[in-house]
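The structure appears right after this line, and notes come after that.
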Amino acid sequence: MNALTKDLMKLTAIAEEDGNKNECYRQRLHLMPPVGWLNDPNGLCQFKGIYHAFFQYSPFDAEGGVKMWGHYTSQDMIEWEYQGVTLYPDQPFDCSGVYSGCAFIEGGEMYLYYTGNVKLEDREDYDYINSGREANTVLVTSPDGMHFSRKKLLMRNSDYPSDLTLHVRDPKVWKESGTYYMLQGARTKDDAGQALIFRSEDKINWQLDSRVETEEKFGYMWECPDYFEVDGVKVFSASVQGLEGEEWKDRNVYQSGYFLVDGDIHGKYSLSDYRLWDYGFDYYAPQSFETEDGRRVQIGWMGMPDCEEYSNRTTDDGWQHCFTFPREVFVKDGIIRQRPIREVEEIKILSEETENYLETKKYTVYEAVIFNIQKDQFRAVLSDELVIEYKNKRLVIEFINNRNNKVSCGRRVRYADMNTVTDVRILADESSVEVFVNDGEYVFSTRYYPEEPGIRIEAEGALIQVYELNISR
Ligand code: FRU
């Protein structure tokens, strides 16, 4: 361990010790930083039975700063234990941030691949797109998920194609027919977003294999790419910056979504239209992994980078952002869907059950389930502020802002068009809501800061259930 690592450890311990003293709005079901800032999920995996969730972490500043990897573990993805910081920015090749990456499990070893970010500062004229930046691909291994090897530098910008800017990052590794593949997100010199695929026979030496591209330019940068097959369907996911025009005008500053892949992702393929993972305000940089029992689980950052439209009240308390609740990605009727992981069923306690109408002020952390919705009639109001409503073939989530932005912190309206609404699941924590519509075909995630609990649901003919969630945190 070098002297810088030691100092960063000490400073992190002090920040975590002194950190947030106000428990208000801290989540109970969702992962959040012990103190300071959190963004992307990294290195998600189940390894020797234990779930690992690493995260982009800046303990010193709730508005973000130099990134390191914080680490949580869990037996069931419900109760998580904080394990401290695993990767500090302590080497010349990652000194401006241990950026996002993945875990790959094989032969009883955990392989963590990440991007070492370097911002050079020795010249005035760096633009940090084509000059002044390094994006290094780095590997760390672990036999037990607790002790980690030295960092090994695998690739630098000169190993990437020369038509790219210096924006290349976020490795995601998988194995197919005996060969290892690694995706990386990239921005070309023509400002087109794309992903690179590298291949390797030994997980250490990588060669460029191919690229994932759209025919027409689709944004200027693809971050956090992911690729997996679920229920026989091939999915390529990317968080895209720079989408403009009519279709994107009522949406978030950046998007996270997926293309269905027809053919061979590293050979001849065609991509479907891009579809969003989530239609809410707060969702970015999702990453997926396969559980030991074969489920495809995805976790996103319930936040939005470079967002000027809205904010989060908890920055005043010294922390900001959280993850989404883990979701199972599955296919039904040929459609990609998401639902909260089934482990949540173990902690649900049925508290209210009624038809047509329900009103209560009892719960802050709960799941409301509404099914058999008749004639598309559905409206729910949470804490007298957040309206979730189906109208004119559109599922809308809208803040009424009675309390002068305090609950929404600037969020207004998001929507998705759909022909009907048959069922809705609302998963609410102290300061977030995730809404799953039509068996998870559409999902909406948002942070919110309710001043008092309250649910009012109108859904004629439907069965309405409210479950309290029994968690110790
Ligand atoms: C996405 C992202 C990644 C990067 C990381 C840095 O939110 O910008 O591309 O690796 O965050 O924190």
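Not measured: the values here are computed from a predicted model. Order of listing sets the numbers, starting from 1, for every ligand and every atom in it.
- Checking each of F60, F55, W301, Y57 against W37 for a ring pair (Phe, Tyr, Trp, His ring centres under 6.0 Å) leaves exactly one that passes, namely W301.
- Side-chain contact check for F198 versus M155: some heavy-atom pair is nearer than 4.5 Å.
- Applying the ring pair (Phe, Tyr, Trp, His ring centres under 6.0 Å) test between F54 and each of W69, F47, Y99 identifies W69 as the sole match.
- Side-chain N or O atoms of S74 include one that pairs as donor or acceptor with a backbone N or O of E79 at under 3.5 Å.
- Stacking of R169 on the aromatic ring of Y114 is not recorded, the 6.0 Å distance cut-off and the 45° axial limit not both being met.
- A heavy-atom cutoff of 4.0 Å around ligand 1 is satisfied by the protein residues N39, D40, Q56, K67, Y99, S100, R169, D170, E223, Y284, W301.
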Test log, rule side chain to side chain donor-acceptor pair (under 3.5 Å), inputs N312 and T314: CA-CA 6 Å; N312 296 296; T314 59; 5.9 Å; no

